Structures are given as structure tokens and as C-alpha cells.
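Working notes, structure below.
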Amino acid sequence: MCLAVPGRVVELYREHDVRMGKVDFGGISRPVCLEHVPEVRADEYVLVHAGFALVRIDEEEARRVFELMEQLDSLEELREGSP
Amino acid sequence: MKHLDEYRDGPSARRVAAAIARTIARPWTIMEVCGGQTHSIVRYGLDQILPTSLELVHGPGCPVCVTPMETIDRAHAIASRPGVIFCSFGDMLRVPGSRGDLLECRSKGADVRIVYSPLDAVNIAAANPERPVVFFAIGFETTAPANAMAAWMAKKRGLGNFSLLVSHVLVPPAISAILDAPDNRVQGFLGPGHVCSVVGCAGYDRLVDRYRVPIVVTGFEPVDLLRGILMLVRQLEEGRAEVENAYGRAVRPEGNAHSLRLIDEVFEVCDRKWRGVGTIAASGYRLREAYRDHDAERLFEVGTIETRESPSCISGEILRGLKKPHDCPAFGRECTPQTPLGATMVSSEGACAAYYSHGRHLESKNGDSSPQRTQRAQR
Ligand code: SF4
């Protein structure tokens, strides 16, 4: 129920005075209300729930997850390398 | 798909699981709050690649599950009114009330429509000005901005024929109810990532201060979940109790200010009954007085509704992390997703239904640790 899916904003428009966008979900595009993510530009990713964009996805934070994973690995190497 | 597939990578998941195994020194019981997280954990078999000293219990975070049967019956009564167009998210259609589900209402002639968004229901109301259009507005904080937007737009566009049947629930009061119980077993929480995308982390800071319990705000994909679990286990082992954010790409500490403003404009906090659990004070939203003309509960008088739950169902204890589906004698026998007896079987995000649909009813009570099962998370 609280499922929210990441999608890429393809196009921005207004409808009944509300900010909307066409958002692409792996090849399927749907209309999404972008009223609460006014900072979003085309080509950026948003997290969408029930036809509504909750937040813009922070690319830098997304990369950080994988940096942390690499740290896990280097810790592991340290452990394995220690006598 | 970007921002999705990379978090389903088997080798990455195994790396984090290995780090959890290295970190854990004592047995711990932790709860994932959100039903979407339960569903992912069971689907990918994450619980089966974790150390046995770490027990995952499943929380109350499935709004479909906790919607009281009275509310379902009320929805059916409204949907069956002549002329009404009743719109709902698809997952509410199969939830049985005292007399069948919404699909049965439809087969008897009710105009029940599945919508993907509440804003679609607003458009249906605009296209059918002569007919009452009712949207079944259930959900947690995650769904509140979309539902609030539907009410706000209907008011702004002057759509007097659009109303919402609201049964909104809030996560922090449910966590309090779990922690207040004298028999509580939960020592740490994976916080609901998408709820926090909307409301931020403030409500969780207050819980940590009050109960000294660690909470790690966590996403929904295997790598996200395992990373949240790793951070939670570290806190437990180090004796810390803090709110940490393991879902930075979607959660800012302050939440979404635009959503918070709109929610406050449309909704006010109220007491709410949770199926299986009972009434929890200040645990839901209802429409504010200014939106009374769009409140289906006020517009449609349906009389008193009485319901009876199955006496053998233990979903209340499952929702509070005291028991697991295998502890219920009806699990997979009288009670299946086709014939649900209680809250945690009515939606695929309920713990009983998640266990059932991934074959867990075929296993022994203590689980099956055969290699075929553990490979699921590694695909
Ligand atoms: S298996 Fe069915 S009856 Fe048993 S606790 Fe779960 S929902 Fe209730």
C-alpha cells in the first residue's frame, strides 16, 4: 500500500492550475501530480505513490549507498589481511 | 529500472548480510513497521539469510489490513446506493466485510471502479456531475498528500458531487501502542521509509526520546532493508538509541513541507480503530470541518453497523510483534488469502498473506533453512 515507485520526469505541464508531469516507469509513462516537488526538472527522478510525487530522488544520496558498500568491503579486506 | 534494480543486486545483498552476521553478538528482536517491507523481506527471503539470533517480527503497517470491518461494511453500503460511483484502490476490492467484498457489490450492480490515484476519482466526478462519486481514502501518511490533494481540488473546482470515505492511520501512535504493552518484545524498529518521505523524522525523534529505542528509517528494496538492519544491529550492539536514516535518497529529516502544509489544511488528527488492535488515541486523520461537504461519512447515513471477528484469529498479536503466522492454528488451513479470517490475511502486505503466498505455510513452524530457500535473496 505504501509502495512508491521511482520514475523519470519526461515532460512538465499544468492542468486545472496544478503542476503535473509525464513520468516514465521503465518504458510505461503515466501522468503524475508534481505539485509538491516544485524543484523538479525534466530528466530528474521522483518517487511516485498513487499518482502523486512524494519527493525528488536525491542522486548524491543514492550514490552514497554504494560508497558505503565499498567501505564494507574494504573493512572486510582489512580484517582478512590482519594476522 | 534506475533507482530500483541496483538495490536488488544479489551480491550486494549478500555483502550486507555478511556484515550483519559479523556485527551481531547477542540475540535481538526487531520489527519492520511497514507492510511493504514485510512483503519484500518474505518475497526475497531476507529473513532466511540473516543470523538466527536476529528475529524479525512484522508490524502493523498495512492500511488495508487494519481498516476495521465496520468501515468496509460502510463502504459497501455506500457503494450499493443507486447512482453512486464508488472509487477505490485495487487492493481494497477483495477485502471481505460482513457480507462479501466490493467485487460482489459490483456483481450485484454497484458501480465500483478501481483507480490508480485519488486524482483520477476527482476527474470521474468532474465528468459525471449528476452522480455522487465517493473515493475510499485509506492509507498511512504516505497516501495522505494524494488524498488531501483530491479533497482540496474537489473543493477548489466546486465539485459538490465528490466525497471521501476517510480511514487514515498514523504510524507513530501505533509504535507507541506496541512499546507501551507490558509484554512487548520489540527492541528496535525499521522505520517506514515512504511515510518519512512525507512527514520527515521528527515524530520518530520523539519516540526515541521517550522509549530509548533505536529506529532506522529504511527503504523497501533488499539492499535498502539489509542496510537498515545493519545500522539497527550496530545501534543495539553499541547500546545506542537514535533515529538514523538509511533511505537518504528519499527521506529528508524535515519531510516534504508542501505536503505537510496541505495535509494540515485538509485533515485533523482523530482517534482511530485499528482492525485486530482496537482503538488507538490520536492515531488517524479525518477531514476538517471546512471539508464537511466532501465527507462521505457525513453525507451518507448508513445506520449502525455491527461486525464480528473470527474468535480464533490472533492477528492482533501478530500486528504487535508478539506472535508469527505459524503460531495461528488456522493459518493456511481455514484461513488463506481466498478465505481470510482476519486482518493480516486480507492484503498481500499482511504478514499472514505474505507468508502464505511465498509458501511458508508448507514449512515447519521454525522455518526451513534449506539452501534452495536461502538462494532466493541472491537471484
Ligand atoms: S492466519 Fe488468519 S486467522 Fe490466523 S492470525 Fe492470520 S489472519 Fe488471523
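Bear in mind that the values here come from a model prediction, so they are computed numbers and not experimental data.
Within the 6.0 Å centre-distance limit, the rings of B:F135 and B:F89 are counted as a close aromatic pair. In this structure, A:F52 has its ring center closer than 6.0 angstrom to the ring center of A:H36. A distance below 6.0 Å separates the ring centres of B:Y247 and B:H194.
Heavy-atom distances place the side chain of A:V18, and not its backbone, under 4.5 Å from chain B. In this structure, the portions of B:E6 lying under 4.5 Å from any heavy atom of chain A include both its backbone and its side chain. The part of B:V198 that comes within reach of chain A is its side chain, from C-beta onward, which places non-hydrogen atoms under 4.5 angstrom from that chain. Proximity to chain A is absent for every atom of B:V115, based on heavy atoms less than 4.5 angstrom apart. Contact annotation for B:A19: only side-chain heavy atoms (C-beta onward) come within less than 4.5 Å of a heavy atom of chain A. Within the 4.5 angstrom heavy-atom criterion, atoms from both the backbone and the side chain of A:I57 approach chain B.
Heavy-atom contacts from other residues, nucleotides or ligands closer than 6.0 Å to CD of A:E60 number 12 or fewer.
Taking chain B as the reference chain and counting heavy-atom pairs below 4.5 Å, the highest number among A:R63, A:R64, A:R56 is found for A:R56. Of the listed residues (B:K156, B:R261, B:R249), the greatest number of heavy-atom pairs within a distance under 4.5 Å of chain A belongs to B:R249. Ranked by heavy-atom pairs shorter than 4.5 Å toward chain A, the options B:R227, B:R157, B:M149 are led by B:R157.
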Criterion side chain to side chain donor-acceptor pair (under 3.5 Å) on B:H258 and A:E35, from CA distance to verdict: CA-CA 8 Å; B:H258 303 279; A:E35 186 70 17; over 6 Å; no
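Looking only at atom types and distance, the side chain of B:E141 has no donor-acceptor partner in the side chain of B:H168 under 3.5 Å away. Using a 3.5 Å distance cut-off with no hydrogens or angles, the side chains of A:R19 and A:Y13 do not pair a donor with an acceptor.
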